[in-house]
Amino acid sequence: MRTPIVAGNWKMHTVLEEAVALARGLRGPLSALRGVECVLCPPFISIAAVAAEMAGTPIRVGAQNCYVADQGAYTGEVSPRMLAALCQYVIVGHSERRQHFGEDDSLVNKKVHAALRNGLVPIVCVGENLAQNEAGQTGEVVARQVRGALADVPADAALVIAYEPVWAIGTGRPATGADANRVAALVREVLADLYGRDRADAARIQYGGSVNAKNCAEFFGQPEIDGALVGGASLKADEFVAIAGAAARPVVS
Ligand code: PEP
């Protein structure tokens with residue numbers, strides 16, 4: 001049984017005070033949930049403060065990006081080594097990074113390795129754009145992105161895959177649960193091909209793209225989907241708590 005994972009990508013929102021206030025609002029209700037892992041991904045400058053707020057709770061903290069090197073003369077970059085001292089997860093290959101900052105599969109792969117080398121769990125984002133979707137290329141694009149991101153990554157690496165169709169991110173136009181499930185199943189087949197069936201069956205695959213408290217049950221009811229990567233709706237405490245609560249699966253003791 002895979003534990004669902006619901007991560008909030010706060011993107012470039014919240015100044016420090018707002019981030020701390022949001023984290024404080026989430027701490028109690030998210031801590032009370034069982035059968036779901038919750039991850040908060042604030043902007044870099046708020047990670048330390050949000051992590052301090054989450055200390056002693058089961059809530060995890062992540063970054064939204066990292067550089068490929070552990071340290072060095074890379075002005076303005078944030079290394080996975082720095083992040084590992086503060087948090088547990090890092091989002092890698094988000095479509096906004098691919099779109100606005102030219103990140104390709106090769107760079108994403110370097111970031112996955114950098115995260116793993118430093119003990120961070122990468123949340124690896126993959127997903128087709130609208131043109132690719134309309135051209136029937138979703139499977140091919142997503143498989144290529146998964147293989148590219150995971151090149152030379154060992155089978156026992158702890159990681160999460162987030163299937164996020166680009167056309168569904170921030171648009172209020174989510175995929176259907178059935179379509180998202182089909183792509184998640186395909187991702188699992190790629191993992192099975194790379195690492196074997198057992199590893200693939202244990203891997204957690206999130207859906208992301210305009211998930212909110214109203215539509216999340218459609219995704220969480222799908223057998224191949226293990227939680228969500230949530231953007232806009234993660235900035236509202238009540239909404240994010242409702243989504244995380246809906247993702248929770250019964251705890252087998
Ligand atoms: C995201 O940022 O990964 C995302 C899925 O955003 P939204 O939920 O706003 O579509």
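For ligands, and for the atoms within them, numbers begin at 1 and follow the listed sequence.
Here the side chains of E164 and V126 are not in contact, with every heavy-atom distance at 4.5 Å or above.
R27 places a side-chain N or O within 3.5 Å of a backbone atom of E53 that can act as its donor or acceptor partner. At distances below 3.5 Å, not a single donor-acceptor pair connects side-chain atoms of E218 with backbone N or O atoms of N215. Distance alone, capped at 3.5 Å, places no donor-acceptor pair between the E77 side chain and the C66 backbone.
Among protein residues, N9, K11, H94, E164, A168, I169, G170, G208, G209, S210, L229, V230, G231, G232 come within 4.0 Å of ligand 1, judged on heavy atoms.
The aromatic rings of Y207 and F219 sit parallel, their planes meeting at an angle under 30°, below the 60° perpendicular limit.
Shown here is R81, whose CZ atom has no more than 12 heavy atoms of other residues, nucleotides or ligands within 6.0 Å.
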